[in-house]
Colleague: 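Take this structure first; my questions come after.
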Amino acid sequence: MRFSIAPSRRRRLMLAAAATPLLSRHAAHADDHGAAHTHTFTAAADVLTVVGPWEMTGLDPSRAGYMFARMEVVETLLDVTDRGRLQPRLASSWQVSADGLEWHFTLRGSRRYHDGTPVTPESVLACLRRAHGRPGVLGLAGIRSISHERGAIVFRLARPFAPLPYLLTHYSAQILAPASFDTRGNVVRIVGTGPFRITSITLPQQFDVERFDGYGGLALPGRVRRARYISVSRAETRTLLVQSGQADLAYSLDPPSIRALQRSSKATLVSAMLPRTTFIKLNSGHPLLADVRVRQAIALCVERKGIARALLRDPDLGATQLFPPSMGQWHDATLAPLRTDPAEARRLLDAAGWQPGSDGIRRRDGRRLALTLTTFVDRPELPLIAAALQEEMRQIGIAVRVVVGNSSDIPSGHRSGSLELALVARNFGNVPDPVATLLQDFGPGGGDWGAMGWRNAEVPAALAGLAAGGQAGAATGQAERMRIAALLQAELPVIPVVWYRQVCAASRRIEGASIDPFERSYRISHLQWI
């Protein structure tokens, strides 16, 4: 779906957002995905139903593996605690050679896949080699070879890469049984090792799971034996499903829905700050954006607290820097915060040679300062924030056309070079050690969800140094992190707008709901029926 948002006055936008009521119950029938399911299921006493906006675009781990991980169907070699500390999963222990070039991951014994076959070093090795051969996080590590020796998986690297164990917590490195693949290596079914196994699946919207009695992993306290995930695109519909008792967990709620659920007798709200930031991704190589003064002007016109207060109902989410406080080692409390100053923004544009035209839009050498901002609907707040940014940039003389499409439009526009501006929500905990994600975003060539057309040698070098293992000591590593944060604040390859608080609605017929700060799991194996 694609549509453009016409310009509107900021005050009208903010007031309208504040007054937006929850859609009436018939709204559920207007949703393409939600409508079908509101008619086809009713929450059973023993089935936990989870709804979210994310569709399963395929079975391959690189495409929809995160959904099978969240529903605890698949596992990886390692996992992490809420504080980002590594812990065993399919691997029981791990060690690295003194030169940092060889890693050994010892596999747990007596683990079985959902089809009853044993988890063998050969089957694990096949999955990891397959993941390494495809685009994904393992490509960051400079892996020369992956083999197995005496019950351990062995990685040999071309250079030291300290975050390697964290890459092995990523959903794209999940381990599947040999029966999951056809003769050409394509994933045709999901046969994992997690506490739940898939009983049915209907792409792209739904799959059902049941407790795997042969699970040999960590002890799990929950009593849920059957669960279901359903993709429902509209936040209003997800809210209605919880309020009507047809869903037990609902994710990615918009502010009006959150406000409505605060008064609900059917659900409670669970929230947590995540290492996620909504920011404007800029094509710094674009003729209109190459001048840092233009990027600085855009940053100065953004009313972060106003957007956070009016659209997210939480003024504390206004982003004063790229890394939120939840990223303790990366958030610099001493860094001069991003501020709002439209007068200074106009002065910078004047200095860059952009003069106001008769219609209020600036021109230079006969060219209008007009750009396209691309965003997507997976996060319900993004189109609203995009509309606010459109108006704020218009007030300093920048014409912005907002295009709302699919999340895939961002990486495709980056790769084709056609992207100008994009509003994205970036999860810096996608890999629990942020260095891996930052290398993807701000490495020498930039990244699909990070820098574009930005030329800077210091940040990639500092990230590479941190990835090598910090031989210079913890204090030097912290100084490097603060230097990276300062450079990103000064040169603005991306412009932070708001931080992110995940809010989940949990039915009152369950207890024990909590939010994984790394968004790896819905933790259904820990839930109890009331």
Colleague: Could you point out which residue of Tyr171, Phe518, Tyr522 forms a ring pair (Phe, Tyr, Trp, His ring centres under 6.0 Å) with Tyr66?
Modeller: Tyr171
Colleague: Please determine which of Leu317, Ile495, Thr320 meets the side-chain contact (heavy atoms from CB on, under 4.5 Å) test together with Arg304.
Modeller: Ile495
Colleague: For Arg508, look at atom CZ and say whether over 12 heavy atoms of other residues, nucleotides or ligands are found less than 6.0 Å away.
Modeller: yes
Colleague: Show your reasoning for whether side-chain contact (heavy atoms from CB on, under 4.5 Å) applies to Val119 and Tyr113.
Modeller: CA-CA 6 Å; Val119 176; Tyr113 294 108; 3.8 Å; yes
Colleague: Say you draw a straight line from CG of Leu90 to OG1 of Thr106; how long is it, rounded to the nearest 0.5 Å?
Modeller: 13.0 Å
Colleague: Is there a side-chain contact between Tyr215 and Leu220 (heavy atoms, below 4.5 Å)?
Modeller: yes
Colleague: Do you know the tightest heavy-atom contact between Ser231 and Glu55?
Modeller: OG-CG, 3.2 Å
Colleague: For the CG atom of Asp79 and the CG atom of Leu218, what is their distance to the nearest 0.5 Å?
Modeller: 8.0 Å
Colleague: The test is side-chain contact (heavy atoms from CB on, under 4.5 Å); show your working for Val224 and Gln528 and say whether it passes.
Modeller: CA-CA 7 Å; Val224 172; Gln528 306 281 355; over 6 Å; no
Colleague: Looking at side-chain heavy atoms only, is the closest gap between Val96 and Glu102 below 4.5 Å?
Modeller: no
Colleague: Is it true that a side-chain atom of His114 and a backbone atom of Phe196 form a donor plus acceptor pair closer than 3.5 Å?
Modeller: yes
Colleague: Is the Trp330-Phe323 ring centre distance short of 6.0 angstrom?
Modeller: yes
Colleague: For the residue pair Ala250 and Val242, what are the closest heavy atoms and their distance?
Modeller: CB-CG2, 3.4 Å
Colleague: Please report the C-alpha distance between Phe68 and Phe207 in whole Å, then the side-chain angles of each, then the deciding distance to 0.1 Å, and finally whether the ring-ring contact (aromatic ring centres under 6.0 Å, His included) criterion is met.
Modeller: CA-CA 9 Å; Phe68 304 124; Phe207 65 99; 5.2 Å; yes
Colleague: Under the criterion side chain to side chain donor-acceptor pair (under 3.5 Å), which of Arg197, Arg226, Arg225 is the partner of Glu210?
Modeller: Arg197
Colleague: Taking atom CG of Leu269 and atom CG of Leu261, what is their separation to the nearest 0.5 Å?
Modeller: 5.5 Å
Colleague: Does any part of the side chain of Tyr229, heavy atoms only, come nearer than 4.5 Å to the side chain of Thr49, both counted from C-beta?
Modeller: no
Colleague: Check for a donor-acceptor pair, side chain of Arg426 on one end and backbone N or O of Thr278 on the other, with a separation under 3.5 Å.
Modeller: no
Colleague: Under the criterion side-chain contact (heavy atoms from CB on, under 4.5 Å), I'd like the reasoning laid out for Phe181 against Cys127: C-alpha separation, chi angles, the key distance, then a yes or no.
Modeller: CA-CA 10 Å; Phe181 306 94; Cys127 289; 4.1 Å; yes
Colleague: Mind checking side-chain hydrogen bond (donor to acceptor under 3.5 Å, both in side chains) for Arg309 and listing every partner two or more places apart, or none if nothing turns up?
Modeller: none
Colleague: Determine whether a donor-acceptor pair (N or O, by modelled atom type, separation under 3.5 Å) exists between the side chain of Gln206 and the backbone of Arg228.
Modeller: no
Colleague: What I'd like to find out is whether the side chain of Val124 reaches to under 4.5 Å of the side chain of Leu128, using heavy atoms alone.
Modeller: yes
Colleague: Could you check Ser514 against Arg523 for side-chain hydrogen bond (donor to acceptor under 3.5 Å, both in side chains), going step by step and ending with a plain yes or no?
Modeller: CA-CA 7 Å; Ser514 64; Arg523 298 177 169 175; 3.0 Å; yes
Colleague: Could you tell me whether Arg379 and Glu381 have a side-chain N and a carboxylate O separated by less than 4.0 Å?
Modeller: no
Colleague: So, does Ser507 use its side chain to make a donor-acceptor pair with the main chain of Ile510 at under 3.5 Å?
Modeller: no
Colleague: Going through the distances and angles, do Thr76 and Gln174 end up as a side-chain hydrogen bond (donor to acceptor under 3.5 Å, both in side chains)?
Modeller: CA-CA 5 Å; Thr76 48; Gln174 64 190 234; over 6 Å; no
Colleague: Between the main-chain N or O of Ser233 and the side-chain N or O of Arg238, is there a donor-acceptor pair closer than 3.5 Å?
Modeller: yes
Colleague: Any donor-acceptor pair under 3.5 Å linking the side-chain atoms of Ser264 with those of Gln243?
Modeller: no
Colleague: Ring-plane angle category for Trp94 and Phe105, please: parallel below 30°, perpendicular beyond 60°, tilted otherwise.
Modeller: parallel
Colleague: With a 3.5 Å distance limit and no angle check, can you tell me whether Arg70 reaches the backbone of Glu519 through a side-chain donor-acceptor pair?
Modeller: yes
Colleague: Between Thr277 (side chain only) and Phe279 (backbone N and O only), is there a donor and an acceptor less than 3.5 Å apart?
Modeller: no
Colleague: Any side-chain to backbone donor/acceptor pair from Thr81 onto Arg85? Under 3.5 Å, distance only.
Modeller: yes
Colleague: About how many Å separate CD1 of Ile190 and CE of Met56, when rounded to the nearest 0.5 Å?
Modeller: 10.5 Å
Colleague: What is the distance from atom OG1 of Thr237 to atom CG of Leu240, rounded to the nearest 0.5 Å?
Modeller: 6.0 Å
Colleague: Considering all heavy atoms of both residues, which atom of Cys504 and which atom of Tyr251 are nearest to each other, and what is their separation?
Modeller: SG-CZ, 3.7 Å
Colleague: Give the intermediate values and the outcome of salt bridge (charged side-chain N to carboxylate O under 4.0 Å, His left out) for residues Arg130 and Asp60.
Modeller: CA-CA 11 Å; Arg130 184 180 186 277; Asp60 194 276; 2.6 Å; yes
Colleague: Which heavy atom of Ala451 sits nearest a heavy atom of Lys281, and at what distance?
Modeller: O-NZ, 3.9 Å
Colleague: Looking only at side chains, do Ser408 and Asn406 share a donor and an acceptor under 3.5 Å apart?
Modeller: no
Colleague: Contact between Asp82 and Pro517 at the side-chain level, heavy atoms closer than 4.5 Å - yes or no?
Modeller: yes
Colleague: Start with the C-alpha distance between Gln440 and Trp449, add both sets of side-chain angles, then the distance that settles side-chain contact (heavy atoms from CB on, under 4.5 Å), and finish with yes or no.
Modeller: CA-CA 8 Å; Gln440 289 180 300; Trp449 298 97; over 6 Å; no
Colleague: Is there a donor-acceptor contact under 3.5 Å from the side chain of Arg156 to the main chain of Ile146?
Modeller: no
Colleague: Which atom pair, heavy atoms only, marks the closest approach of Ala235 to Ser257?
Modeller: O-OG, 3.7 Å
Colleague: Would you indicate whether the side-chain heavy atoms of Arg144 and Leu157 approach each other to under 4.5 Å?
Modeller: no
Colleague: So how far is it from Asp516 CG to Gln502 CD, rounded to the nearest 0.5 Å?
Modeller: 10.0 Å
Colleague: Would you name the heavy atoms of Gly151 and Pro121 that are closest together and state the gap between them?
Modeller: CA-CG, 4.3 Å
Colleague: Hey, does Asp332 have a side-chain heavy atom less than 4.5 Å from the side chain of Gln321?
Modeller: yes
Colleague: Any donor-acceptor pair under 3.5 Å linking the side chain of Ser252 with the backbone of Gly52?
Modeller: no
Colleague: Is any side-chain heavy atom of Val50 closer than 4.5 Å to a side-chain heavy atom of Ile230?
Modeller: no
Colleague: Judged by modelled atom types alone, do Arg259 and Gln262 share a side-chain donor-acceptor pair under 3.5 Å?
Modeller: no
